[in-house]
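Take a look at the structure set out below.
Not measured: the values here are computed from a predicted model.
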Amino acid sequence: MKERLVFEIGKKGKVGVSLPRCDVPEEEPERLIPEQHLRKDLPLPELSEPEIVRHFTRLSQLNCGVDTGLYPLGSCTMKYNPKVNEEIASLAGLTRLHPYQPEELCQGALRLMYELGEYLAQIGGMDAVTLQPAAGAHGELTGMLIIRAYFLSKAQKRHQVIIPDSAHGTNPASAALCGYQAIEVKSDERGCVDVVELNKLVDEDVAAIMLTNPNTLGLFEENILEIADIVHRAGGLLYCDGANLNALLGVARPGDMGFDLLHFNLHKTFSTPHGGGGPGSGPLGVKRTLAPFLPVPLVVKQGKRYLLDYNCPLSIGKVRSFYGNFGVLIKAYAYLLSLGPEGLRQVAENAVLNANYLVKRLKDHYHLPYDRICKHEFVLSGARQKKRGIRALDIAKRLIDCGFHPPTIYFPLIVNEALMIEPTETESRQTLDRFAEALIKIAQEDAETLKSAPHHTSVGRLDEVAAARKPNLRWKE
Amino acid sequence: MYPEGLKYAKTHEWLKVEDNEGKVGITYYAQDRLGDITFVELPQVGAELTKGKSFGTVESFKAVSEFYAPVSGKVIQVNKELRDNPELINQDPYGQGWILVVEIASPAEMEELLSPSDYEQWVKQQEEVG
Amino acid sequence: MHYIPNTDEDRREMLQAIGLASMDELFSDIPPQVRVKAALKLPAALSELELLEHARQLGAENANIDDYVCFRGAGAYDHFIPSVVRQIVSRAEFYTSYTPYQAEISQGTLQAIYEYQTLICQLTGMDVSNASMYDGASALAEAVLMSCRITGRDRLLLSQTLHPEYRQVVRTYLQGMSVETLEIPYTSGLTDLDWLRKELDDRAAAVVVQHPNFFGLLEEMNEISQIAHRVGALFVVSVDPISLGILQPPGAYGADIAVGEGQALGNEICFGGPYLGFFATREQFVRNMPGRLVGATTDSEGRRGFVLTLQTREQHIRRAKATSNICSNESLNALAAAVYLTTLGKEGLRKVALLCLRKAHYAWREIAKLNGFPPLFSGTFFKEFSVNCPTSPQKINQVLLKQRIIGGLGLKKFYPEHQNGLLVCVTEKRTKEQIDEFVEVLSETGEQQ
């Protein structure tokens, strides 16, 4: 099954929309705008409405989503996206709002933002929250800028941010974007930050340590209190990448562990759909001492009224226009209200239970580099299979034949042939059993079957080398 | 795999000396580790190289690796063919896949480079570690 | 909890299989002193029915622009969205999928992004587009960073007619870099070209201009482009995509990087987000681009397919040396933009732009006839224009609100020199009747003075 491009379907003269007739004088554009400003040609496609709907519907059928099946991408927390959230996020009363409409005319929206900020602060153990960042990496950038502003306010210049070798690539990239030198700290044989190494690295040039906890191996940083102590003694700050917060909901709070900043990924932990790569939302929580540096505006409450507060002289400024991905905030807010405190804890418990159950089912069939209780995810290695010439990529592609989305592969970088699996709490034991059985079967399959997988998709493995050598990034006539 | 007459750096570049000029490329081992090369970032003619320092990058579709200068000196020629055909490095690492020619500033630096057999030993060690 | 499929029996058996006695033991690696002891202070769970009711009540506390008539723009616009767009982006195969890392089962998203990239190129007249950025402002900040990388220079010139929030975002993004930012003043609402000619030299990485600018006016893009290029600076522009239905595309006046807010392309106004930043540039700069790119290639049987490509620029490979830290972008919003541009098509987008142009000019003329609302500037405009009010715009807007009209934006918020300036926006959705009523109420407020 193959779908042509819209540019190959269209034909001159077709229209896809009906627009109102012009009810004001129809002046020629040349009379209103000097000709040198006017374009000569607009080379957009021409299709009728039914053709457009068929085209994009067919494209959707070439996709897999959480609604289609298990989507165990590690560190992505592909949990079920509740339908009621979608309905709420399409109510005119919440979406048909201009960002610059007067505060008295958007009290409901401001209240939603205020309360969501309070809930997130409570969940993370933070004192203040900004909802402005549009995604996790944007939250990291905001956090790094706040750290920089904090040290500037103390007339200190620090140049380094320490990041474990197991971290997401966004961590060093965000630190570098703020002018920090990203220093890598090794993981120890238990998969956690090597505290001895860390001690050697931390001095008064270190602005912060950036940690994901649980880390990308799905392991809780057992020495977190000691790590916090090391960095705080040197006057530095501790940043938490909240990508893996799903494991801790209602069980433990980064703020209580010594983290000074924490970004939340609403599109992971708080069930908002990932949309094929966004929109996300990456609110940032901070401890009280850092609150003055948060981006403007903050949503504040005065008596019964909600206001946008721009009067923050130490603020870093703005990281995007307006207030954040409000449409995503609505869904996270709705999610938290449907969970309540009990439901929140059940989410973490079941996510961790599901991950450990899968470990138990799989560890005799794949190499498990870190054999201990994991949190919401775990990392297997395809090292045994590699000896037969089978790569993690082949295992991943073969899973597609079995009806499952593959896990994250080749990450974290410190595990050879990594297969990073995160089932989430919204999968049933029956589904986990079927998934485990598929992986067990694949572990014994011959290289030839695996190398040619997937076998039933609209396209087979694609030539990524050719794509990178001679980039074809747009259709041309 | 490691022709005679060339000198090798532990960072996997080769050097072919003619008078005071040195032609530089990457070794069979280096291109094999990278896989299919998709892009090569070359220095400008006239750029000064410092032994052991990075002077460009080579990319496969999912990895980036740096080149390190086997000797110091001024770049007097670069292989422009690589811009459109980076795969020449995979196909012919010691021939058409050469990267640049450098005017060798200090011949003494070459003493630290390895002979083919020493380099082969070095590669074996690397494979055992990694 | 109905989002969790496991039953008590499942949990018991699973724990048993793992070899644990209780759920608590799953968390034994967390130091006891940081374990949450009491329940968090969060509201008790609501049923679906209660939740919907609560959300409707929150919505009722807002004035929404289905019930009010909106003449406010300034970066967020009330344009018409065909039903096709909402229907397509509501397909769960699109919205519940992740970033298309596994190409074989993500061809829907990948092909749609490839089409989006092409449509943005067609619209802007540029060579290449990425898969989207967070919004117009952050796209501009990324464009500015890219200009510094390409030119190796560390000075920027931003026009003061750029959206003030965009300028603020650019400044915030640059805090950790040693880049000097100069603001180009404006005269008569337009970027001051004399100042620019005088102050611009070969230290500048980029000249950054919005078109139409924040006041709604068309800038002299050809001229600015030449001035910038004369000193080897890049010309970075932020454009309104709807205006490109009739206005010259950035590629035609020599822009090096064209960005903009893509909300108007089929995305709900939604109190400021989620939106998308579009980002397009020249072919020669493609390896310096931030963000994801989708490319066409073939599989082993020669069938066309699409993949994420040139990934070595990105954070997951190049880490601290990446061209940007961006990971998640605004994929679903880009899909909406692609469906919108396809649906409107060649004729439709031109028509929408013409409707905006004509209605805005009608409103402008009617307002100009009033006593006390002279135009603030005399330049050419597209769908927004600025007028000077006889009293504070705040007071005028309060009168308008009583008639269920959300008036223009008081310019004082960003430009204290225009205490009584009002920025009015008229899209294709405004009817003559609505415009007449708006003008009528304005005239009444004018008479009260």
ask   = Just by distance, with hydrogens left out, do A:R474 and C:T118 show a side-chain donor and acceptor under 3.5 Å apart?
value = no
note = Checked C:V84, C:D10, C:T342, C:V286 vs chain A; the most non-hydrogen pairs under 4.5 Å come from C:T342
message = Ring centres under 6.0 Å, that's the criterion: do C:Y134 and A:H138 meet it?
response = yes
remark   = Cut-off 4.5 Å, heavy atoms of chain A, and the answer for C:A296 is both
request  = Please name the residue in the list A:L462, A:T457, A:L59 that meets the side-chain contact (heavy atoms from CB on, under 4.5 Å) test with C:Q107.
outcome  = A:L462
note = Under 4.5 Å to a heavy atom of chain A? For C:I18 that would be both
inquiry  = Whether the A:S321 and C:D135 side chains hold a donor-acceptor pair (N or O, under 3.5 Å, no angle test) is what I'd like checked.
reply    = yes
request  = Could you grab the distance from atom CG of A:L42 to atom CG of C:L247, nearest 0.5 Å is fine?
outcome  = 11.0 Å
ask   = Are side-chain heavy atoms of A:D23 and C:K359 found at a separation under 4.5 Å?
value = yes
task = With a 4.5 angstrom heavy-atom cut-off, could you sort out which part of C:A60 is near chain A: side chain, backbone, both or neither?
result = neither
query = Hey, are A:H37 and C:T380 close enough side-chain-wise for a donor-acceptor pair under 3.5 Å?
reply = no
remark   = Given C:L335, C:N333, C:V339, the one with more heavy-atom pairs under 4.5 angstrom with chain A than any other is C:V339
Taking every non-hydrogen atom, the tightest pair across C:L310 and A:A468 = CD2-O, 3.6 Å
message = Report which part of C:L409 has an atom under 4.5 Å of a heavy atom belonging to chain A: side chain, backbone, both, or neither.
response = side chain
key: Polar side chain donor-acceptor pair, A:K397 to C:Q102, under 3.5 angstrom   = yes
key: Rounded distance (nearest 0.5 Å) linking atom CD of A:E27 with atom CZ of C:R358   = 8.0 Å
Side chain / backbone / both / neither for C:F271 at chain A, heavy atoms under 4.5 Å = both
ask   = Is the closest side-chain heavy-atom distance between A:D67 and C:E93 below 4.5 Å?
value = no
request  = Using distance alone, with no hydrogens and no angle criterion, decide if C:T109 and A:N63 have a side-chain donor and acceptor under 3.5 Å apart.
outcome  = yes
remark   = If one checks every heavy atom of C:Q87 against chain A at 4.5 Å, the contacting part turns out to be neither
query = If you count heavy-atom pairs under 4.5 Å with chain A, which of C:I326, C:T99, C:I105, C:V34 comes out on top?
reply = C:I105
ask   = Using non-hydrogen atoms only, which part of C:T309 is less than 4.5 Å away from chain A: side chain, backbone, both, or neither?
value = side chain
request  = Would you mind checking which part of C:L355 comes under 4.5 Å of any heavy atom in chain A, side chain (CB onward), backbone (N, CA, C, O), both or neither?
outcome  = side chain
note = Most heavy-atom pairs under 4.5 Å with chain A, out of C:E347, C:R292, C:M177, belong to C:M177
note = Honestly, the part of C:S324 sitting under 4.5 Å from a heavy atom of chain A is backbone
inquiry  = Heavy-atom pairs under 4.5 Å with chain A: which of C:L15, C:I406, C:L344, C:L119 has the most?
reply    = C:L119
request  = Please flag which part of C:R35 lies under 4.5 Å from any non-hydrogen atom of chain A: side chain, backbone, both or neither.
outcome  = both
request  = For the pair C:Y3 and A:Y80, name the ring-plane relationship: parallel under 30°, tilted 30 to 60°, perpendicular over 60°.
outcome  = tilted
key: Minimum side-chain heavy-atom gap C:C270-A:N325 below 4.5 Å   = no
Contact origin within C:I317 toward chain A - heavy atom pairs under 4.5 Å = neither
message = Looking only at side-chain N and O atoms, does A:N350 offer a donor or acceptor that is under 3.5 Å from a partner on C:R11?
response = yes
query = Measuring heavy-atom distances to chain A, does C:I269 have an atom under 4.5 Å in its side chain, in its backbone, in both, or in neither?
reply = both
